[in-house]
Structure formats: C-alpha cells, structure tokens
Amino acid sequence: MIELIDVSKSYGSRRLFAGVNLRVGDRERVGLVGPNGTGKTTLFRILTGEVSPDKGRIEAKKGIRIGYLPQEVYPSRAMDLGIRDYCVRESRGVGPLLDERAALLAHLDAGRSDDVTVHRLAAVEDALHHREADSLPKQAESMLSGLGFPNEDFDKPLRTMSGGLLMRAELARLLLDRPDLLLLDEPTNHLDLEGLLWFEEYLKGFPGAVVLVAHDREFLNRTVDRVVEVSVRGATDYGGNPNLTVYDRYVTERAKAVELAWKRYEEQQAYIKDQEEFIAANKVRKDRAAVAQSRMRMLEKLERLEPPEGVRRVHFQFPQPPRSPDLVVGLDGVARRYGPKTVFQGMDLRLHRGEHVALVGVNGAGKSTLLRLVAGLAQPDEGTRHLADGVGVGYFAQDQYEILKADRTAQQTMLEVADYGTAPHVRSILGAFLFGTDDFDKKVASLSGGEKARLMLCRMLLQPFGLLVMDEPTNHLDIASREILEDALKGHQGTILFTSHDRRFMDNVAGAILEMRDGCLTRYEGNYSYYVTKARPSASPSPGSPKDDGVALAPTVRDLDRDRKRGEAERRNRMYRILKPLKDRVTSFEARIELLETELRTVDEALVSPDLYADVEKARVTGQKAKDLRAALDALYDAWTASAEELSKAEQSEEED
C-alpha cells in the first residue's frame with residue numbers, strides 16, 4: 001500500500017532518523033514506538049506529503065486516501081457546525097456534493113429546468129448514494145456515542161468544544177471517512193476507558209490499514225500486528241516469539257538485541273584497544289614497523305560500532321512519608337452538586353495507609369470532582385471529610401498550573417522542594433520525564449501545557465506526601481517515563497488514589513479499584529485486570545432489577561472495607577501454597593541460565609583473543625565448547641519459558657478464582 005525507502009530527515013544539525021525502511025500493507029496494523037522526540041510525528045508528516053524527506057523516497061498505491069489524526073487539532077473551518085454535521089460534511093467528500101445538490105434543486109425549483117441541470121443532479125445523487133450520504137448522520141452518531149459524546153452534544157458547535165473534545169470529534173470524522181490508510185498520533189490521550197474499549201473494538205473491523213503512535217501498552221497489544229521502533233538509526237522491527245503479545249514481544253526482543261549489540265560493541269572496543277596498544281609498542285621498531293603500519297590502515301578502514309541505546313531508567317528512591325494512622329482519609333455521606341445537577345450524594349469512602357487505589361468510571365461520572373474532595377481542594381455540599389493528623393496531601397491534575405511560578409526555570413521549580421538528599425538528582429529526574437538539557441533553564445512561562453504537567457508531577461514526587469491524589473498522571477508521558485512513574489508509585493509507602501486510562505499502569509500500581517457509576521462507589525480488591533474479568537459483567541443492573549436512588553447494588557464500600565484485611569490474608573495464603581513450587585522451578589532455571597551465561601561470556605572472551613589461535617586444537621575445542629554452551633542455553637531458555645508461562649497461567653487462574 002505504502003512504503004518508505006531509505007528515508008532520512010534532519011532539522012539543522014539535529015538528525016531525527018536515517019535509513020528508515022517501512023512497508024505498510026493492506027489492512028496491516030503497525031504501532032510506532034520510541035521516546036518522544038525521535039521523529040514519529042515527522043514520519044507521519046512525511047507519509048502524508050506534508051514534509052519532504054532529506055533522502056530516500058515514498059512509494060504509494062495510486063489513488064491512496066490517507067487520514068491523519070495529529071496530536072493537536074485546531075479546525076480552521078466549519079467551527080459553527082455541530083459536531084455531527086461536521087463529521088458528515090467533512091467525510092468522503094460529501095460536503096461539496098450536498099452544497100451542489102442544494103444549488104441544483106434550488107435552480108430547478110425556480111423553474112429553470114434544462115437537460116444539463118437534470119443530468120448533473122442525477123450524477124450528484126449517484127455520487128452521494130455511492131458515499132452512503134443518507135446513512136452518514138446515523139453512522140456519525142454511532143461513532144460519537146462510542147467515543148463518549150452524549151446525544152445532547154451532537155448539535156453543539158465545534159467552537160464550544162475543548163481541545164480534548166475537538167480531538168475526539170476529529171477522530172470520529174476520520175473513522176467515518178474510512179481512508180485506505182489511517183495515521184493516528186497518540187489517539188488515546190483524550191479517551192476515557194469506555195471510549196478506549198469501543199475504539200479498540202472498532203479498529204478490529206476497520207477495513208483499511210492503520211499506523212499509530214501510542215504510549216498505552218495494552219492498547220498496542222490489542223490493536224497492532226507488529227511494533228516498529230523509531231530511533232536515530234532508523235526503523236526496527238525486532239520480530240520475536242509470535243506466542244507473546246505484540247508489545248511484550250517487542251520488549252523481550254529489544255532487550256536481547258541491545259544485549260547482543262553491547263557484546264559486539266565491547267568486543268570491538270577490546271579489539272581496537274589491543275591493536276592500538278600493539279601499534280603504540282611497535283611503530284618505532286624497525287622490525288615491526290611495517291606490521292604496525294598495516295594495522296593502523298586496518299583500523300582506519302574499520303567500521304566503528306556505536307554504543308547501543310538502552311531504555312531510559314532512573315534508579316532513584318523518592319522520599320517516603322512519615323508513618324500515618326491506619327485510616328488516612330475518609331468521606332462520610334458526602335454530596336456534590338453543580339446548580340440543579342447532583343453529581344453524587346450519600347457517598348462514603350475509606351482509604352487506608354499504604355493503599356494504592358485506581359478510580360474508574362465513564363467521563364462525566366464525577367471522578368475529578370471526587371478527587372478534589374479527597375484532596376481537600378473542594379468542600380462537599382453535604383457530609384464530612386476526615387484527614388488523619390500529620391498527613392500531607394499531594395494533588396496532581398493537568399490544569400493545576402497556578403502552583404508554578406512563571407518566572408522560575410524548570411530546575412529552580414524542582415529545587416524549591418528538594419532537600420539535601422534529592423537535590424543532586426533533580427536534573428536526572430527531569431530528564432526521565434522528557435526534559436532535555438536545554439529545557440532545564442527554560443522559564444515556566446515558556447513551557448507548553450504538557451511540559452508544565454510533567455514538571456508538576458516531578459515536583460510532587462520529590463515531596464514526602466502521605467496521600468497522593470492524581471488525575472490522569474500518565475498523559476503526556478512516553479512509555480519509558482510511565483514505567484519510571486510506575487516504579488516510583490509502587491515503591492511509595494503512602495496512600496495513593498488516582499485515575500488513568502492506561503490499563504497496564506493501573507495493573508502495575510493499583511491494588512484495588514473503585515468504580516464510580518450512577519453516583520455510587522463500588523470497591524473491588526485487585527488490579528484492573530481483575531476488575532474487568534469479575535466486576536464489569538455485573539456493573540450494570542439487569543432490566544427489572546431493584547434499585548434504590550443513590551444505593552449501590554454491589555456491596556457498599558463500608559461493608560467491603562470491614563472484610564478487606566481478612567480476605568486479603570486468605571488469598572495470599574492460598575496463592576503461596578499453589579504458586580511456590582512453580583516459582584521455585586522458575587528460579588532454579590534462572591540460576592542455571594545465569595551460570596551458563598557467565599561461562600559462555602568467559603569462552604566468548606577467549607574466542608576474540610588473537611593468542612588463542614596460536615594453538616589450533618585449543619581454538620577448535622574452545623569453539624565447540626561455545627557451541628555446546630549455546631545449545632544448552634537454548635534448551636534452558638525453552639524450559640524456563642514453559643515454566644514461566646505455566647506460572648503466569650497459574651497466577652492468572654488464581655486471580656480469577
């Protein structure tokens with residue numbers, strides 16, 4: 001369908017990528033990954049023809065229609081149209097045809113009938129029929145509903161929409177347009193979980209090809225056939241075990257490739273060092289000068305390997321809060337209203353020391369309102385909030401920029417809250433959250449909204465808050481930064497309540513899920529995967545089920561809170577008895593693999609030594625030993641994989657019981 005051949009692009013002295021080769025076939029699903037700033041968006045703009053490559057070429061099927069969703073959308077036209085009309089008129093070339101049909105009908109209504117007008121009207125009607133124009137409004141409503149728009153918003157003008165809603169409206173228009181190739185640049189940023197699940201299902205049946213950039217690992221696993229990494233060296237598809245999920249396969253194979261690249265790089269560096277030492281020792285000796293000169297020429301021609309790029313990681317222990325009472329914060333019978341609208345009422349909530357809880361629910365359920373109540377930034381219209389003595393509260397939201405001082409730099413903003421233990425790490429932490437060296441001295445006033453959000457997140461994590469309340473902290477973070485945040489939060493000994501639409505993030509951080517539905521809270525012990533398998537089928541009452549206003553059909557938060565500790569202890573004991581033998585087997589394989597890998601490294605080091613080949617028989621025996629060790633390792637890897645998969649299935653089965 002479309003292919004990039006040896007494409008390179010630079011801006012000034014900064015090279016984005018070189019030698020990119022990427023082919024996208026009919027109905028293929030490709031996910032592009034890589035740290036922010038590696039040129040993924042530029043690659044999309046090259047595919048659309050908006051930007052020309054410095055080198056290379058693009059070959060595409062004749063007449064291909066490409067639909068592109070950028071990270072930010074600012075429609076320059078049709079802002080007075082309702083979102084349904086916008087989707088219809090800007091899809092499949094329908095808008096101009098509708099205008100022409102209206103003009104032709106007006107011409108005929110005025111009594112100015114002629115053969116040219118009649119024939120043209122027939123042609124326009126045929127074109128509209130071919131584009132399914134009559135059914136497009138209903139299709140548009142289906143798209144908009146799936147992406148989270150309520151019915152009453154279908155006629156709202158685009159100019160009244162926020163940036164996030166404009167992005168969703170543009171996504172609906174693109175899906176309705178059905179291009180041959182769909183390019184999506186971080187399409188999940190403005191979708192709630194319900195919209196995300198709908199979108200995933202829709203993409204499964206989408207008739208065209210899809211290339212997307214996403215930092216949601218589960219979304220990649222569920223929507224793409226292969227993952228391609230974009231870096232300064234080009235585009236790499238690592239392939240791998242087809243039995244693994246797509247993104248996890250990429251992570252596994254990339255780690256192997258990086259390890260092998262480091263080995264080759266270190267071997268070459270050792271070889272270069274040996275040659276340079278030989279040259280330095282012999283270039284002035286008459287009997288060895290010719291040999292030294294020969295080796296110098298050989299080194300000059302040698303293609304030097306560059307050190308491979310590793311995944312960005314920060315090994316830093318964020319400050320821990322002082323030990324708090326068991327009950328950290330509680331809400332009793334709280335209500336919140338906006339004018340005549342009641343968001344929720346009679347709501348109870350308990351959060352205990354060390355709990356990490358994810359809050360889920362559809363857009364408009366009141367999640368952000370509840371987070372502000374828990375953080376103490378808003379007061380309930382009814383009921384009370386109780387915060388344990390001595391507990392500091394950290395609150396993060398995408399729009400809380402007022403706490404930042406516009407005249408301070410990013411580094412100064414961090415140093416304001418750093419202590420003697422954390423101050424030396426400020427620059428590393430900023431770098432982990434996508435701030436480059438040139439950004440450290442940028443004034444807050446010049447930072448974008450996403451940069452300010454990341455700076456607030458860094459600043460919050462440097463402070464020992466006993467209660468962290470976070471509203472969508474993963475927005476504007478790439479995958480490596482999300483994993484750094486995960487590690488920081490998993491190691492946090494305080495209490496955390498957060499919302500996110502990144503399911504892998506919730507799985508890795510949350511130990512319980514609070515579902516907010518119809519003004520009620522229901523708690524489920526376990527991560528998001530457990531919530532999906534156990535809770536979602538019963539989340540909505542069946543027709544005819546009894547329901548009282550403001551009363552959850554599932555057990556109340558207070559009931560679940562009373563039984564929480566006992567149930568968790570029983571579950572841990574059962575899992576230990578079942579899983580320990582499997583874990584011991586996996587650990588045994590890992591220990592044996594480590595021993596053989598250490599032995600193989602020693603043999604490989606011997607193989608690259610020129611002295612070894614003075615003894616031909618010894619060199620042969622050493623080579624055979626390396627071959628035997630690799631065969632043994634391959635067998636151990638297979639055995640370890642089988643045992644690890646058995647353990648994973650047992651853990652999943654135990655979670656589902």
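Residues: numbered from 1 along the sequence shown.
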(Q) Closer than 3.5 angstrom, by distance alone: can the side chain of Thr474 be matched with the main-chain N or O of Asp502 as a donor-acceptor pair? (A) no

Q: Please identify each residue that fulfils side chain to side chain contact (heavy atoms under 4.5 Å, CB included) with Arg131, with sequence neighbours left out.
A: Arg92, Val94, Leu97, Ala127

Q) Taking C-beta and beyond as the side chain, do Val210 and Thr223 meet within less than 4.5 Å on heavy atoms? A) no

(Q) Any non-hydrogen side-chain atom of Asp80 less than 4.5 Å from a side-chain atom of Arg159? (A) yes

Q.
Within this structure, what is the CE-CG distance for the pair Met347 and Leu521, rounded to the nearest 0.5 Å?
A. 4.0 Å

Q: Count the heavy atoms belonging to other residues, nucleotides or ligands that lie under 6.0 Å from CZ of Arg27, then report whether that count exceeds 12.
A: yes

**Q.** Carboxylate-amine/guanidinium contact Arg226 Glu28, below 4.0 Å
**A.** yes

Q: For the residue pair Leu181 and Val211, establish whether any side-chain heavy-atom pair is separated by less than 4.5 Å.
A: yes

(Q) What I want to find out is whether Glu201 reaches Arg222 closely enough, with some N-O distance under 4.0 Å, to be called a salt bridge. (A) no

Q) Do NZ/NE/NH1/NH2 and the carboxylate oxygens of Arg504 and Asp507 come within less than 4.0 Å? A) no

Q.
Taking Gly333's backbone N and O only, do any of them form a donor-acceptor pair with Asp348's side chain (distance below 3.5 Å, no angle check)?
A. yes

(Q) I'd like to check Leu43 versus Leu4 (side-chain heavy atoms, cut-off strictly below 4.5 Å). Are they in contact? (A) yes

Q.
Rounded at 0.5 Å granularity, tell me how far CG in Leu430 sits from CG in Asp439.
A. 9.0 Å

(Q) A side-chain contact here means heavy atoms from C-beta on lying under 4.5 Å apart; do Leu212 and Leu220 qualify? (A) yes

Q. Taking C-beta and beyond as the side chain, do Thr522 and Arg517 meet within less than 4.5 Å on heavy atoms?
A. no

Q) Should we say atom NZ of Lys138 is surrounded by more than 12 heavy atoms from elsewhere, each under 6.0 Å from it? A) no

Q: Determine, for Glu50 against Arg45, whether the closest basic-nitrogen to carboxylate-oxygen distance falls under 4.0 angstrom.
A: yes

Q.
Taking the basic N atoms (NZ, or NE/NH1/NH2) and the acidic carboxylate oxygens, is any pair closer than 4.0 Å for Arg178 and Glu132?
A. yes

Q | Residues in side chain to side chain contact (heavy atoms under 4.5 Å, CB included) contact with Asp471, at least two apart in sequence or another chain | A | Ser368, Leu371, Ala397, Thr499

Q: Please lay out, stage by stage, how Glu170 and Tyr86 fare under the test side-chain hydrogen bond (donor to acceptor under 3.5 Å, both in side chains).
A: CA-CA 9 Å; Glu170 182 63 14; Tyr86 169 72; 2.6 Å; yes

Q. Going through the distances and angles, do Tyr528 and Phe505 end up as a ring pair (Phe, Tyr, Trp, His ring centres under 6.0 Å)?
A. CA-CA 9 Å; Tyr528 180 77; Phe505 182 82; over 10 Å; no

Q: Tell me, please, which residues at least two apart from Asn243 pass side chain to side chain contact (heavy atoms under 4.5 Å, CB included).
A: Asn241

Q. Is it true that Arg482 and Asp216 make a salt bridge, defined as a side-chain N closer than 4.0 Å to a carboxylate O?
A. no

Q) Tell me, which pairs form a ring-ring contact (aromatic ring centres under 6.0 Å, His included) where one or both residues lie in residues 182-212, sequence neighbours left out? A) Trp198-Tyr202, Phe199-Phe219

Q. Can you list every pair that meets ring-ring contact (aromatic ring centres under 6.0 Å, His included) and has a residue in residues 129-169, with sequence neighbours left out?
A. none

Q. Of the non-hydrogen atoms in Leu176 and Cys87, which two are nearest, and what is the gap between them?
A. CD2-O, 3.6 Å

Q. Is Arg336 close enough and on-axis enough to Tyr338, meaning under 6.0 Å and within 45°, for cation-pi?
A. yes

Q: Could you tell me how the ring of Tyr238 sits relative to the ring of Tyr250: parallel (under 30°), tilted (30 to 60°) or perpendicular (over 60°)?
A: tilted

(Q) Run the side chain to side chain contact (heavy atoms under 4.5 Å, CB included) test against Asp185 and tell me which residues pass, sequence neighbours left out. (A) Thr41, Phe44, Tyr68, Gln71, Val213

**Q.** Note: Arg217-Glu483 ion pair, threshold 4.0 Å (strictly below)
**A.** yes

